[in-house]
2 protein chains.
Amino acid sequence: MTNDRFRMGLRAEAPVHQAEPAERSRSSASGADRSSAKRRVTIREVANLAQVSLGTVSNVLNNPSVVAPTTRKRVLDAIDSTRFVRNTAAHQLRAGKSRTIAAVLLDIANPFFTEIVRGAEHVLREQDYVLMLCSTDESANREQRYFRMLEEHRVDGILVCPVDSDLESAVALVAHGIPTVLLDRDGSSFGLCSAAVDDIRGAELAANHLVELGHQVIALVNGPSTIRQCIDRREGARRSVRRARRRGVSLQEFVVGALTIDQGERAVAGLLGAERRPSAVMCANDLLAFGVLRGLAAAEVAVPEEMAVVGYDDVVFASMLSPTLSSIRQPKYELGVAAAELLLEEVTGAPHEHRAIRFEPELVVRASTRPVGEHTPCNERHVEL
Amino acid sequence: MTNDRFRMGLRAEAPVHQAEPAERSRSSASGADRSSAKRRVTIREVANLAQVSLGTVSNVLNNPSVVAPTTRKRVLDAIDSTRFVRNTAAHQLRAGKSRTIAAVLLDIANPFFTEIVRGAEHVLREQDYVLMLCSTDESANREQRYFRMLEEHRVDGILVCPVDSDLESAVALVAHGIPTVLLDRDGSSFGLCSAAVDDIRGAELAANHLVELGHQVIALVNGPSTIRQCIDRREGARRSVRRARRRGVSLQEFVVGALTIDQGERAVAGLLGAERRPSAVMCANDLLAFGVLRGLAAAEVAVPEEMAVVGYDDVVFASMLSPTLSSIRQPKYELGVAAAELLLEEVTGAPHEHRAIRFEPELVVRASTRPVGEHTPCNERHVEL
DNA sequence: TGCCCGATTTGAAACGATTCATTCCCTTCG
DNA sequence: CGAAGGGAATGAATCGTTTCAAATCGGGCA
């Protein structure tokens, strides 16, 4: 393991040499550093220097208005001449609040979530809250560990896109007194705040689109049904197909282990080997769709001519793929903003009734879907390997 | 502002109604919740219940081996019958260590960084450290604010990919006694640990590739030269072109404000309007290249026939674009692993000399580059809008 | 029986902030 | 001239752990 992480071509691992001896002292071995820097400045030293009491310094920090301007100035000067840095731990211990919010997400490498995070962070930063990012990679175990850790850290609130469809762990958080808002997941039935998009509707849009294009055998590449989004998207697909059943349309589901590119690629074998080979696939999210596209390319199946593909999320890269991917657009940034605002309401104890904010999904048609039978004049394709 | 965030189609914002009155109490307004849950269990209550002293409980938590098995059992039982959750703030205050590491990155939406994070997180989690993620969006201001905040939080160490090429702020961290390791940036000359890839070499590879394909007028779409990576990549490109100057090869640089898709797209106008229109572009990173591709598509310029494009980073989506993007591969995951291991060495105070680990970049040729003059039989292209 | 020793357990003293009941000064007013 | 009132500043108590010197316990040994 230690070996194979260097397979990409490690060139050199050389000790750092200093040009100037003067600099050497500053960056000697860390042990030395540590001891030299150990003595951090406390509020007490600031107080001494400024000739005031502890309480006054604290007031300058937290209630500037109650201290006389001249005193305040003196304290502020002392603060930066001592390079005082407030100790959050002590602050938190006494004050009870951490001004930290956590976001526990399924996969931080998924552009869908990074966009949400951007929105949430924007809101939180304005209120001087810090956002802690946690990626569960869809593992209930990891999620549990994060929750535990976040409780220990006494975060003021948590935004969570839960791994399991039963909200046991999220509800437990609330029971423990931690304000929690669900992300991309409706919380009405659990008495939680949430900001979500109607996934059933979205999946219906996707499936309807394929049906309207004339596809008869439609595949759904779906993630594990512990994840709510997957359940809802299956439901949406089913509803749509049920409605078109008399036209002979059928739906086959292929369930994979996670919503990732790799898993999508792996699903292709199943698709192509199916008894009734589908002519269209809808995927539970864009990453899966990316994988499916890659797999189809490798198998030299032309998209959309031989197989239409539609994704879900409309992440930024969807419009740049080969071919560009039809997808279901979700208002990601807005989702993050809405969730953060809800959470902030709870955290600050504003008069507040739990609410479920819901957004509408939207179909975006691109080159990966096309009416059955319509062919392009030339199917040049850029296949790697 | 409050209005326009709903442009994506907000459907409903309805108060949550409970099915069961029994549940209602649990999820009443947060104010009530708060007060009911306010009294968190402390180590003292555990001690009382288990009939031992504070110190013993603490020992069970931190030094299990010194406490007698039967006592330990009693305490552990008390711990989970009271649902005790350790208070990190108090722990940190007394113990001095936070077991938290921060990563301060240029852009968390860039898959290049998420991959690095994955590597670092893996290492850190194994040692029971928590990773705090901070995205500066290339703003020195934001970076400064993060550093300040992280100091206040007394994080044990910081992984940083700095915004500014002078390492002033990073060096200041070290001076303040916070172990710091540079990411994707060589620290030798500053006496810092680092894990990086040779950017000059990488850019040379990219430029050489274009030169060998026969391009005469080459453009470099580059980010702000406050960022070290941009400086190095320019340098690499220059070296390569200088070597080929007698063959009439020239280089034009187009500097944009940030390493993002949008900025790349915007750069296209400049490229196409240039006095001597380039036949090839190399981009300072893949996101820029993605933008350039999108812009070229919009302008109906064929890639690679009319314009060759090469990116940098080889993020996962590069192989799925339309057309697939030639790029410079960096060992991202390994970078994260190496940086985290270096940092851990410093943090734990292991005997340690500052080192600069360097990896080698690698050229990956795909469909966005092709020898000058070679044409595909058919240039179907999926252009959106 | 008395003494010593190692293994356990104890509890008071930090850690570095915030709180808040008091004290200290001045003005102002009767 | 004394009392009242209010703005500023004070500092002891507190938050929930960890730490560590000291107390306790229970045999083993002379």
Side-chain angles (χ1 to χ4, degrees), chain A residues 37-76 78-79 82-100 149 151-156 176-177, chain B residues 37-76 78-79 82-100 149 151-156 176-177:
Chain A
K38 180 152 253 163
R39 206 93 222 97
R40 295 306 279 274
V41 179
T42 78
I43 214 182
R44 160 163 274 120
E45 300 172 49
V46 173
N48 287 342
L49 183 59
Q51 310 264 44
V52 296
S53 72
L54 293 186
T56 301
V57 178
S58 174
N59 276 334
V60 169
L61 257 27
N62 309 300
N63 274 56
S65 66
V66 311
V67 17
T70 73
T71 320
R72 195 191 315 156
K73 170 97 170 55
R74 205 146 30 93
V75 172
L76 287 174
I79 283 180
T82 53
R83 300 184 191 298
F84 166 76
V85 177
R86 192 213 219 90
N87 183 328
T88 307
H91 169 88
Q92 208 183 126
L93 176 57
R94 183 70 241 252
K97 306 275 83 190
S98 64
R99 288 203 91 74
T100 299
M149 185 203 89
E151 264 196 77
E152 294 186 348
H153 272 260
R154 301 289 192 271
V155 294
D156 292 342
H176 293 194
Chain B
K38 181 151 251 166
R39 206 94 221 95
R40 294 306 279 272
V41 178
T42 78
I43 215 181
R44 161 163 274 121
E45 300 171 48
V46 173
N48 287 343
L49 182 59
Q51 310 263 44
V52 296
S53 73
L54 295 186
T56 301
V57 177
S58 174
N59 277 333
V60 170
L61 256 27
N62 309 302
N63 274 58
S65 66
V66 312
V67 16
T70 72
T71 320
R72 194 191 315 157
K73 170 99 170 58
R74 203 146 32 92
V75 172
L76 287 175
I79 283 180
T82 54
R83 299 183 191 299
F84 167 76
V85 177
R86 191 213 220 91
N87 183 327
T88 306
H91 168 89
Q92 208 182 127
L93 176 57
R94 181 70 241 247
K97 306 275 83 185
S98 64
R99 288 202 92 73
T100 299
M149 185 203 90
E151 266 196 76
E152 294 186 347
H153 272 262
R154 301 291 191 271
V155 295
D156 292 342
H176 294 194

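Side-chain atoms are counted along with the backbone in the values below, which use heavy atoms only and exclude waters and symmetry mates. Letters go in sequence order (proteins before strands), and every chain restarts at 1.
Atoms CG (A:N63) and P (D:dA9) sit 13 Å apart, rounded to a whole Å.
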Could you pull out every donor-acceptor pair under 3.5 Å between side chains of residues 41-50 of chain B and any protein atom, sequence neighbours left out?
| residue | atom | partner | partner atom | Å |
| --- | --- | --- | --- | --- |
| B:T42 | OG1 | B:R44 | N | 3.1 |
| B:E45 | OE2 | B:T42 | N | 3.4 |

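Nucleic acid contact for B:T88: none, since no nucleic acid atom lies under 4.0 Å from a heavy atom of the residue. Residue contacts shown for A:V57 are absent, as no nucleic acid heavy atom lies under 4.0 Å away. Within the 4.0 angstrom heavy-atom criterion, base atoms lie near A:T56.
Each end of the helix from C:dT1-D:dA30 to C:dG30-D:dC1 yields a helix axis from five base pairs, and these two axes differ in direction by 60° (to the nearest 10 degrees).
Checked by atom type and distance alone, the side chain of B:T82 pairs as donor or acceptor with a backbone atom of B:A78 at under 3.5 Å.
Listed pair B:R86 / D:dT18 meets the phosphate criterion, a side-chain N or O lying under 4.0 Å from OP1 or OP2. A:S53 has a side-chain polar atom (N or O) that falls below the 4.0 Å cut-off from OP1 or OP2 of D:dT10. Phosphate proximity of D:dT18 to B:S58: present, with a side-chain N or O under 4.0 Å from OP1 or OP2.
Taking 3.5 Å as the limit, the base of D:dT17 and the side chain of B:R94 contain no donor-acceptor pair of atoms between them.
Taking CD of B:Q92 as the reference point, atom OG1 of A:T88 lies at 7.5 Å (rounded to 0.5 Å).
For DNA chain C, the span of nucleotides reached by chain B at under 4.0 Å from its heavy atoms goes, 5' to 3', from C:dT8 to C:dG16.
Considering A:V57, A:N59, A:V52 as possible partners of A:T71, the one that fulfils the side chain to side chain contact (heavy atoms under 4.5 Å, CB included) test is A:V52.
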